[in-house]
K.L.:
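Take this structure, written in structure tokens, and hold onto it; I'll ask about it next.
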Amino acid sequence: MTSTTETSETALLAASARRGWIVVAAAFVVMFCGLGGLYAFPAFFNALQQDFSASRAALSWVFSGAVALYFAIGVVSGPLTDRLGARPVVLGGIALVGFSLMFAGMATSIAMVALAIGLGVGLGIGFSYVPAVSAVQRWFLVRRGFASGIAVSGIGLGTLIMPKVAEYLVTNVGWRGAYTILGLFVVLAGGAAALFVDNAPEKRGMAPDGKLLHGPLPSRHELPGMSLGETVRSSQFRIFYLASVLASVGLFIPFVHLTPSAQDRGVDPSTAVTLFALIGIGSTAGRFLIGGVADRMGRRRSLALMFLGLGLMMGWWIFASSAIGLAVFALVFGLCYGGYVALAPALLVDVFGPRNASGVIGVSYTAAALGSLLGPPLAGYAFDLTQSYTVPIAIAGVLGLLSALLVSLMPEPHPAA
């Protein structure tokens, strides 16, 4: 009898460990599809600018609107996920991303593009990204940074692959056909992955890091951690929030302006799109490598270093005048960006506990919404007025350095299970 019980418990332990990594893999695919679909935007930049006679500032607003919305909507999707569970929220969100991309392919004006990408894709990512990334945090404690890094590396890989795929499709089937094909892919692949996203290991009798629960099944309110109200009122959250706003002002400027900026410096269009894809390579590496290192070094200290790197690389961008110099910028910037995306949700759960993980992460992402809404459009306006990106890039660099200083003031947390 004892042997049977031990065998059963061993099987459950294996299932618990396996289930956590299945959630990581599902979140990876959801983010690859959703964020990759949006970050393919630079491949459409020239075609949209020509077909609709749009300025760089106007196209910047399309992208920034989507980014700001998907971060801002986390304040709704996060608490909703804590109540309803991650799977239905992620499934609805990723479906909206796919159908919105297909709608973009039917646009007859820049306003319709803005409606499809800025509103539809932005909302869809907001209802899939935050629930997916927060679900991962619930399955891990000791390796939380590493698991989070693997999950969000889907964004990095999407940034690497989707722009080049979109470039190929735009060349061969036109930008309308390209958006239609990308949208269909997101619906099918992202929708299938969403079915495996799960943010409630305790309902399966499981605990973080492949362990089992012993004793009665806890409710969400019995999990360790602060309430959402207590979190928002805490000084640590306010420091983190301000640092995120400052860093995010410059964070998304390269996502819109690196490709046209490279072309302005004499780089041919295909190479310019490849330079943007290099952000994806750096980002993927950052998410895989930085999370594991931060688990040993300290996630707060590691995040401060990522913000420092973002600020310094903005200075590099100003003086990079060749494709090689811009490639170095893209790779290192991507590394720091990927590290930030991997570490931020893990650090928040370390500090404030898993009880309201989705809500805390969702509220914190409104900081990135504010920053992303400002950065790319203002950089576009600056270029339209002065034919130069120097001033907005320099400002973004200084703000990145300030964000690093703020995070360094936070105490190193002791993670709660």
Side-chain angles (χ1 to χ4, degrees), residues 39 56-57 60-61 63-72 74 155 159 235-258 260-261 276 279 282-283 286 290 299-320 326 328-345 347-348 363-386 388-410:
Y39 292 165
R56 293 191 184 184
S60 298
W61 275 113
F63 180 85
S64 286
V67 174
L69 188 56
Y70 83 65
F71 279 125
I155 307 173
T159 307
S235 60
Q236 288 194 75
F237 184 83
R238 291 174 182 174
I239 292 172
F240 180 92
Y241 193 91
L242 178 58
S244 296
V245 171
L246 297 179
S248 297
V249 170
L251 191 62
F252 292 98
I253 291 177
F255 283 79
V256 179
H257 297 288
L258 177 59
S261 169
F276 176 76
I279 293 180
S283 176
I290 302 300
R299 291 188 270 267
R300 190 273 313 166
R301 185 180 297 109
S302 299
L303 181 61
L305 289 175
M306 295 304 100
F307 283 158
L308 177 64
L310 290 172
L312 293 175
M313 289 317 298
M314 285 295 179
W316 180 282
W317 186 11
I318 291 175
F319 297 104
L326 291 170
V328 172
F329 163 77
L331 284 168
V332 181
F333 177 88
L335 183 78
C336 297
Y337 159 68
Y340 160 56
V341 175
L343 294 175
L347 178 61
L348 286 166
V363 171
S364 76
Y365 278 169
T366 61
L370 292 173
S372 63
L373 194 61
L374 293 172
L378 291 178
Y381 282 124
F383 181 86
D384 290 338
L385 289 172
T386 67
S388 172
Y389 289 112
T390 299
V391 171
I393 292 174
I395 292 173
V398 171
L399 294 180
L401 298 179
L402 288 175
S403 68
L405 177 61
L406 285 170
V407 172
S408 69
L409 298 176
M410 296 174 63

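Side chains are part of it too, since the values below use all heavy atoms of this structure and drop only hydrogens, waters and symmetry mates.
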K.L.:
Side-chain contact, heavy-atom cut-off 4.5 Å: V249 with I395?
P.N.:
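V249 does not reach I395 side chain to side chain.
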K.L.:
If the plane angle is over 60° it's perpendicular, under 30° parallel, otherwise tilted; pick one for F255 and Y337.
P.N.:
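F255 and Y337: perpendicular rings.
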K.L.:
Can you name the closest pair of heavy atoms from S64 and S372 and give their distance?
P.N.:
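Scanning both residues, the minimum pair turns out to be OG-O, 3.2 Å.
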K.L.:
Is there a side-chain contact (heavy atoms from CB on, under 4.5 Å) between L251 and L310 once you walk through the steps?
P.N.:
CA-CA 8 Å; L251 191 62; L310 290 172; 3.7 Å; yes
K.L.:
I need the minimum non-hydrogen distance between L335 and M306, along with the two atoms involved.
P.N.:
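Residues L335 and M306, closest heavy atoms: O-SD, 4.2 Å.
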K.L.:
Drop me the distance from Y365's OH to S244's OG, to the nearest 0.5 angstrom.
P.N.:
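Answer for the OH-OG pair, Y365 versus S244, is 9.0 Å.
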K.L.:
Can you tell me how far apart CG (L246) and CG (L401) are? Round to the nearest 0.5 Å.
P.N.:
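Rounded to the nearest 0.5 Å, the CG-CG separation comes to 11.0 Å.
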K.L.:
Could you go through V332 and W316, starting from their C-alpha distance and side-chain angles, then the distance that decides it, and tell me whether this counts as side-chain contact (heavy atoms from CB on, under 4.5 Å)?
P.N.:
CA-CA 10 Å; V332 181; W316 180 282; over 6 Å; no
K.L.:
Is S248 close to Y340 at the side-chain level, that is, under 4.5 Å between some pair of heavy atoms?
P.N.:
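The answer is yes; the side chains approach within 4.5 Å.
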K.L.:
Using 30° and 60° as the class limits, which term best fits the ring planes of Y381 and W61: parallel, tilted or perpendicular?
P.N.:
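Correct class here is perpendicular.
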K.L.:
Where do P345 and V341 come nearest, in terms of heavy atoms and distance?
P.N.:
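Closest approach of P345 to V341, heavy atoms only: CD-O, 3.2 Å.
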K.L.:
Excluding sequence neighbours, so at least two apart, what forms side-chain contact (heavy atoms from CB on, under 4.5 Å) with R301?
P.N.:
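Here the qualifying residues are M297, E412.
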K.L.:
When rounded to the nearest 0.5 angstrom, what distance separates CG in L374 from CG in L399?
P.N.:
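Those atoms lie 10.0 Å apart.
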K.L.:
Any idea which heavy atoms bring M410 and R300 closest together, and the distance?
P.N.:
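That would be O-NE, 3.1 Å.
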K.L.:
side-chain contact (heavy atoms from CB on, under 4.5 Å) for F383 and V391? Distances and angles first, verdict last.
P.N.:
CA-CA 9 Å; F383 181 86; V391 171; over 6 Å; no
K.L.:
Minimum heavy-atom separation for Y389 and S261, please, with both atom names.
P.N.:
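So the two residues come closest at CE1-CB, 3.8 Å.
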K.L.:
Below 4.5 Å, heavy atoms only, C-beta onward: do Y39 and I155 meet side chain to side chain?
P.N.:
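Yes - at least one pair of side-chain heavy atoms lies under 4.5 Å apart.
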K.L.:
Y241 vs T366, test: side-chain contact (heavy atoms from CB on, under 4.5 Å). Steps then yes/no.
P.N.:
CA-CA 9 Å; Y241 193 91; T366 61; 2.7 Å; yes
K.L.:
Between atom OG of S408 and atom CG of L303, what is the distance when rounded to the nearest 0.5 Å?
P.N.:
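Reported value, rounded in 0.5 Å steps: 10.5 Å.
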K.L.:
First locate atom CZ of F329, then atom CH2 of W317, and finally report the distance between them rounded to the nearest 0.5 Å.
P.N.:
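Separation between the atoms: 5.0 Å.
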K.L.:
Could you measure the distance from the CZ atom of F319 to the OG1 atom of T390? Nearest 0.5 Å is fine.
P.N.:
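Rounded to the nearest 0.5 Å, the CZ-OG1 separation comes to 8.0 Å.
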K.L.:
Restricting to non-hydrogen atoms, name the atom on L348 and the atom on S364 that form the minimum distance, rounded to 0.1 Å.
P.N.:
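That would be CD1-OG, 3.1 Å.
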